[in-house]
Amino acid sequence: MSRIEIKNLSKKFQRTGASDQSAVTAIDSLDLWIEDGEFFTLVGPSGCGKSTLLDILAGLSTPSQGEVLVDGQPISGPSLERSVVFQQYALFPWLTAAANVQVGLESQARHGQGLNKAERRIRAHEYLRLVGLEGVEDKYPHELSGGMRQRVAIARALAHEPKVLLMDEPFAALDAQTREQLQDLLLDIWKRTKTTIVFITHGIEEAVYLGQKVAVMSARPGKIKEIVNIDLQDRQSVDDIRSTQQFGEYRHHIWSLLHSHSRQDVAASVEKTLISSGATA
């Protein structure tokens, strides 16, 4: 488990061959604190910098300004202490489910850490059982459904017991029923492991259902518009908690935050067009 501190974070992308003035600012002066063992969700419009932020947290990209600290230490690159689950399953098609889960464990072993070969296989089987996939250890990705492949990806991300789990819209490509099943599975795993989870989504209901806190991001350049504390009962102890009044109030509040910003963006775009065309006084 780990605490994450993001201080004055900005990220700019320079167009090839273009001047500094034409750089695209994806994230601007973003500050965020994620507590140890917290389930933290981020929601925002397309292009607001959610995935860029996740790449920086994963060590796959470096900020243009500011810093990101995990337990007080700056992120200097990818680390097995921070696992990533992407929207696409990203499994190796030539490896079985169990072998895919062992990838991170094998990386640990190459660095003189972790488990021997027999122990790695046992651990892989344990985590496949944890995600409800007992009996598919020797099957290849093409033999599994989309939901099962994503379960393998989650098992792989967790098997080497990272401090932080980063998830970039991992259920977006799944049908509604499978998505809800995996949301419940993820909550079960989080309750057992208390791993710090940062979960990116476009879905307001998904953000509310999963998160202890929901960070609402503005359109590009991405900033934190508001952090909403979610105080719901145990999601799985209430039948259809999504239909309760409290859940609906959280959903509507976040919807209002997102859509009010969208209307402001449209109004600003129209005004800019009118000014450039000379249509305003």
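Values in this document were obtained by computation on a predicted structure and should not be read as measured data.
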* Asked: Short question: side chain of Q150, backbone of F86 - any donor-acceptor pair under 3.5 Å?
  -> yes

* Donor-acceptor contact below 3.5 Å, side chain K50 vs main chain P45 -> yes

* **Note, Y209 side chain near T41 side chain (heavy atom, < 4.5 Å)** => no

* Going by the angle between their ring planes, with limits at 30° and 60°, are W255 and H259 parallel, tilted or perpendicular? -> parallel

* Asked: Got S107 and L80 here, is their nearest side-chain heavy-atom distance under 4.5 Å?
  -> yes

* To do: Could I get the full list of ring pair (Phe, Tyr, Trp, His ring centres under 6.0 Å) partners for Y250, not counting sequence neighbours?
  => none

* Of the non-hydrogen atoms in N100 and L95, which two are nearest, and what is the gap between them? -> ND2-O, 3.1 Å

* Determine whether more than 12 heavy atoms belonging to other residues, nucleotides or ligands lie under 6.0 Å from atom CG of D138. => yes

* To do: Measure the shortest side-chain to side-chain distance between R129 and E126 over non-hydrogen atoms and say whether it is less than 4.5 angstrom.
  => yes

* Modelled atom types, side-chain donor and acceptor of S243 and D240, under 3.5 Å -> yes

* To do: Name all pairs fulfilling the salt bridge (Lys or Arg N to Asp or Glu O under 4.0 Å) condition that reach into residues 206-219, sequence neighbours left out, sorted by first residue then second.
  => E38-K213

* Would you say I189 and T195 make side-chain contact, with heavy atoms under 4.5 Å? -> no

* **More than 12 heavy atoms of other groups within 6.0 Å of N116 CG** => yes

* Reference residue D168; test side chain to side chain contact (heavy atoms under 4.5 Å, CB included); the match among L53, I200, V198, V84 -> I200

* Given the rule in the side-chain contact (heavy atoms from CB on, under 4.5 Å) test, do E137 and V101 qualify, once you have shown the distances and angles that lead to the verdict? -> CA-CA 9 Å; E137 295 86 355; V101 173; over 6 Å; no

* How far apart are the C-alpha atoms of L32 and L9, what are their side-chain angles, what is the distance that settles it, and do they pass the side-chain contact (heavy atoms from CB on, under 4.5 Å) test? -> CA-CA 9 Å; L32 195 61; L9 185 71; over 6 Å; no

* To do: May I ask you to test the R123-E119 pair for a side-chain heavy-atom distance under 4.5 Å?
  => no

* Answer yes or no: does atom NE2 of H252 have more than 12 heavy-atom neighbours from other residues, nucleotides or ligands under 6.0 Å? => no

* Are I34 and I227 joined in one hydrophobic group, where the rule is that I, L, V, M, F, W and Y side chains link up if heavy atoms are under 4.5 Å apart? -> yes

* Drop me the distance from D188's CG to T193's OG1, to the nearest 0.5 angstrom. => 10.5 Å

* Establish whether L174 and V85 are linked, either directly or via other cluster members, by ILVMFWY side-chain heavy-atom contacts under 4.5 Å. => yes

* **Same cluster (ILVMFWY, side-chain, under 4.5 Å), V103 and L130** => no

* Is any NZ, NE, NH1 or NH2 atom of the basic residue among D71 and R82 found under 4.0 Å from an Asp or Glu carboxylate oxygen of the other? -> no

* Asked: In chain order, what residues pass the ring pair (Phe, Tyr, Trp, His ring centres under 6.0 Å) check against F199, with sequence neighbours excluded?
  -> F171

* Structure fact -> The reported gap from CD1 in I6 to CG in D31 (rounded to nearest 0.5 angstrom) is 9.0 Å

* **Nearest-0.5 Å distance that lies between atom CH2 in W190 and atom CD in Q212** => 3.5 Å

* Indicate yes or no: at least one non-hydrogen side-chain atom of K11 is less than 4.5 angstrom from one of S64. => yes

* **Donor-acceptor pair, side chain of D28 and main chain of G222, under 3.5 angstrom** => no

* Given side-chain contact (heavy atoms from CB on, under 4.5 Å), test I197 with L210 step by step and report yes or no. => CA-CA 10 Å; I197 298 179; L210 292 174; over 6 Å; no

* Asked: Hey, mind stepping through V152 and L133 against side-chain contact (heavy atoms from CB on, under 4.5 Å) and telling me if it holds?
  -> CA-CA 8 Å; V152 174; L133 289 181; 3.6 Å; yes

* **Other residues, nucleotides, ligands: >12 heavy atoms within 6.0 Å of K191 NZ** => yes

* State the CG-CD1 distance between L258 and I204, to the nearest 0.5 angstrom. => 5.0 Å

* Considering all heavy atoms of both residues, which atom of A207 and which atom of T201 are nearest to each other, and what is their separation? -> CB-CG2, 3.8 Å

* To do: Flag the pair E226 / H253 as yes when at least one side-chain heavy-atom distance between them is below 4.5 Å, and no otherwise.
  => yes

* Asked: Given side chains that start at C-beta, do those of L158 and S83 come closer than 4.5 Å, heavy atoms only?
  -> no

* **same_hphob_cluster(L54, L60) at 4.5 Å side-chain heavy-atom cutoff** => yes

* Asked: So, for I75 and G59, which heavy atoms are closest and what is the spacing to 0.1 Å?
  -> CG2-CA, 3.8 Å

* Asked: How far does CZ of F40 sit from CD of E35, to the nearest 0.5 angstrom?
  -> 10.0 Å

* **Hydrophobic cluster identity match, Y140 and V136, side-chain contacts under 4.5 Å** => no

* Which value, rounded to the nearest 0.5 Å, describes the distance between L182 atom CG and Q177 atom CD? -> 11.0 Å

